[in-house]
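Report on one structure; see the data block that follows.
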Amino acid sequence: LPATSAGPVIDFRTFYSMRGALLKADPPGYDAGVAERQHVSDQRHTLPLAICWENVPPSALPTREAVVAIRSTRPMDNPDRVYNLYLYATSAAGYDRILIAEGKDGAAPVCDLAAGEWAEVRVQLTEGWQAGFHFKLIELRPDLAQVWLYFTSVSRSRAHPPELEELLASPAFAVPETADHGPAEAGLIDPDTYVEQGLLFYASVEHIYRYVIETYQPDLLFAGAPVTDEFSHQFMALTTPAYPGYDPLTAPRYEEYLRRAYAGADGLLGFILGLCPTEVIVAVSADHGFGAAWLSINANLVLAQAGLLLFDADGRPAPQSSAVAYWAGGTCNVYINLAGREPGGVVQAEEFESVKQRIITAFEALNSRDGSAVAGDAPARKVIELILRYEETNAVPTSCGPATMQFAGRTGDVVVFAAPPAQFDAPDPALLVSPSPLHGQHGYLPDTADAELNVNMRPPLVLAGPGVRRGQSVPGARAVDLAPTLAALLGISPPANADGRILTEAIEPAG
């Protein structure tokens, strides 16, 4: 990471391996196609009799063995790793434990697990750097009809300065984890495991924040938590009666998952405040709201069927395509391969406007489809909310005025906003609109709110501390107003390029 401030910077993580599971049989909800698309490792084993093991615990039943391979995604930094599994029974009731070792010596185990247990594993990368991952034994049936062992990606936190990154990877701190949607969407892990992995974030990050605050004594601290976002993506529609797959018997379970994510974020905020001086200015917000989602739009298939995009042998957009789409959540940017602007551009200047109109027409047609390309939802539901040309995007409608979204070189020639519960991530390669493996999404128009569909794109903003007017409501506050308002509260100049305004109504008058 580059030095972006005088203080430390802790980013997300660097990943060095695949993640996945060793299984005896398919788990509930398993989808091999999703597993392949998500690049998660599905390993099967026949569990032969264990041979050549030393120093192992006694077993009431004949012992079995298996191997699990954790394949590298960065071979220059991290080798493939193979672990031996020793399955044994502490009583005649059945198999109930797995010992995991790098060799076949029980005197040097990596871990020894019963069903439901997690284990932290530390490894050394090629250059001597430290990293780690986790095993979880999700299920071990007494008769070995199912053996379900999950392994997370080998990873380490990214941080600056470099010595801080290496310290965070050391045994002085927990191996970092965040929720991982890929194995969950493929059915390679169950919802409880997904939730447990996500909640591991809170326990480990408290130790990190304590170290940073006590060591660096920062004047300004930016702290965040991804868990509410991660759990909302997975579970939000499952708590929404309008969702076609809603089940009132299981909905409370998923709502409890969401509550645990928010309770963790609330607890983390309290923990951080407990480490700060008494008189501290606090701002709490989010970069987006959220909404239940259950449909995926395949934007590039829309372009292909309109004759504007060609796929290569690997199913990726070919260079000779006239247009290509890139998306995140509820927003899709479509870029025209314009000659003279794009390397190898094929669309001539005189064709530019007509290609743009063909793109718009193709996406507009999704709202008038007959339902034949849609699986799992009423065909009459609108999936496209708004389509804008590039030159129109500086006035994305919001209750607060223009959003000034336009950014040369980043904003598409055509920008398409989905209508909840549709969104663009995780599309089916063969369908224009398909059921989504994601059950929550963001990226919709800023003012989108629909109680029936459980959608609200307006995140909260809470201010507290010296100089903040108590009990004051500030309608129409925007994310871009946060930086100049905090600068005013701190008595410093606002950022030179800040677009927002100072929320003067939230600030106590001077004197």
Side-chain angles (χ1 to χ4, degrees), residues 17-32 35 40-71 80-123 132-154 171 174-175 177 180 183-184 186-200 203 253:
S17 78
M18 296 185 71
R19 69 280 201 233
L22 180 138
L23 293 151
K24 181 71 181 301
D26 285 354
Y30 174 70
D31 188 320
V40 292
S41 178
D42 174 5
Q43 301 178 33
R44 306 299 169 114
H45 213 282
T46 57
L47 308 176
L49 291 171
I51 59 172
C52 301
W53 282 82
E54 300 177 330
N55 305 310
V56 290
S59 178
L61 296 172
T63 56
R64 301 280 178 167
E65 67 178 6
V67 293
V68 61
I70 302 179
R71 302 300 184 192
D80 289 344
R81 302 177 187 275
V82 177
Y83 293 90
N84 292 279
L85 279 55
Y86 180 83
L87 292 76
Y88 67 102
T90 60
S91 75
Y95 295 90
D96 58 351
R97 297 199 71 87
I98 298 181
L99 184 148
I100 303 176
E102 293 186 42
K104 287 192 171 185
D105 187 353
V110 169
C111 57
D112 192 326
L113 297 172
E117 292 182 346
W118 289 80
E120 185 179 81
V121 183
R122 295 184 180 275
V123 300
F133 69 99
H134 285 84
F135 280 120
K136 183 196 175 183
L137 183 54
I138 298 175
E139 185 178 3
L140 178 60
R141 293 186 190 172
D143 61 356
L144 297 185
Q146 179 62 295
V147 177
W148 192 358
L149 178 70
Y150 173 50
F151 55 91
T152 67
S153 297
V154 174
V175 170
E177 287 292 353
D180 191 342
L188 274 180
I189 60 175
D190 61 323
D192 282 341
T193 299
Y194 174 88
V195 168
E196 290 166 8
Q197 184 177 354
L199 294 176
L200 286 173
R253 172 191 180 194

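Predicted, not measured: the structure shown is a model, and the values here were computed from it.
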Any chance the side chains of Asp112 and Tyr88 put a donor and an acceptor closer than 3.5 Å?
-> yes
Under 3.5 Å, is there a donor-acceptor pair between the Glu177 and His134 side chains?
-> yes
May I ask you to say whether Arg97 pairs ionically with Glu117, meaning some side-chain N is under 4.0 Å from a carboxylate O?
->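 Glu117 and Arg97: salt-bridged.
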So do Pro183 and Arg19 actually touch side chain to side chain, heavy atoms under 4.5 Å?
-> yes
Can you find a heavy atom in the side chain of Trp118 that is under 4.5 Å from one in the side chain of Thr152?
-> yes
Tell me if a side-chain donor or acceptor on [X] pairs with a main-chain N or O of [Y] at a distance below 3.5 Å.
| X | Y | result |
| --- | --- | --- |
| Tyr95 | Pro62 | yes |
| Arg71 | Met18 | no |
| Glu120 | Val175 | yes |
| Lys104 | Asn84 | no |
| Gln146 | Lys24 | yes |

Can you tell me how far [atom2] of [Y] sits from [atom1] of [X], rounded to the nearest 0.5 angstrom?
| X | Y | atom1 | atom2 | answer |
| --- | --- | --- | --- | --- |
| Leu49 | Thr63 | CG | OG1 | 7.0 Å |
| Cys111 | Leu137 | SG | CG | 9.0 Å |
| Leu188 | Asp26 | CG | CG | 9.0 Å |
| Leu22 | Ile100 | CG | CD1 | 9.5 Å |
| Asp42 | Tyr30 | CG | OH | 3.5 Å |
| Asp143 | Leu61 | CG | CG | 10.5 Å |

Could you tell me which non-hydrogen atom of [X] sits nearest to which non-hydrogen atom of [Y], and how far apart they are?
| X | Y | answer |
| --- | --- | --- |
| Phe135 | Leu113 | CB-CD1, 4.0 Å |
| Tyr194 | Ala184 | CD1-CB, 3.7 Å |
| Ala89 | Ser59 | N-OG, 3.0 Å |
| Ser153 | Ser17 | OG-O, 3.3 Å |
| Arg253 | Asp192 | NH2-OD1, 3.9 Å |
| Asp180 | Gln197 | CB-NE2, 3.9 Å |

Strictly under 6.0 Å, is that where the ring centroids of Phe151 and Tyr83 end up?
->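 Ring-ring flag for Phe151/Tyr83: false, centres at least 6.0 Å apart.
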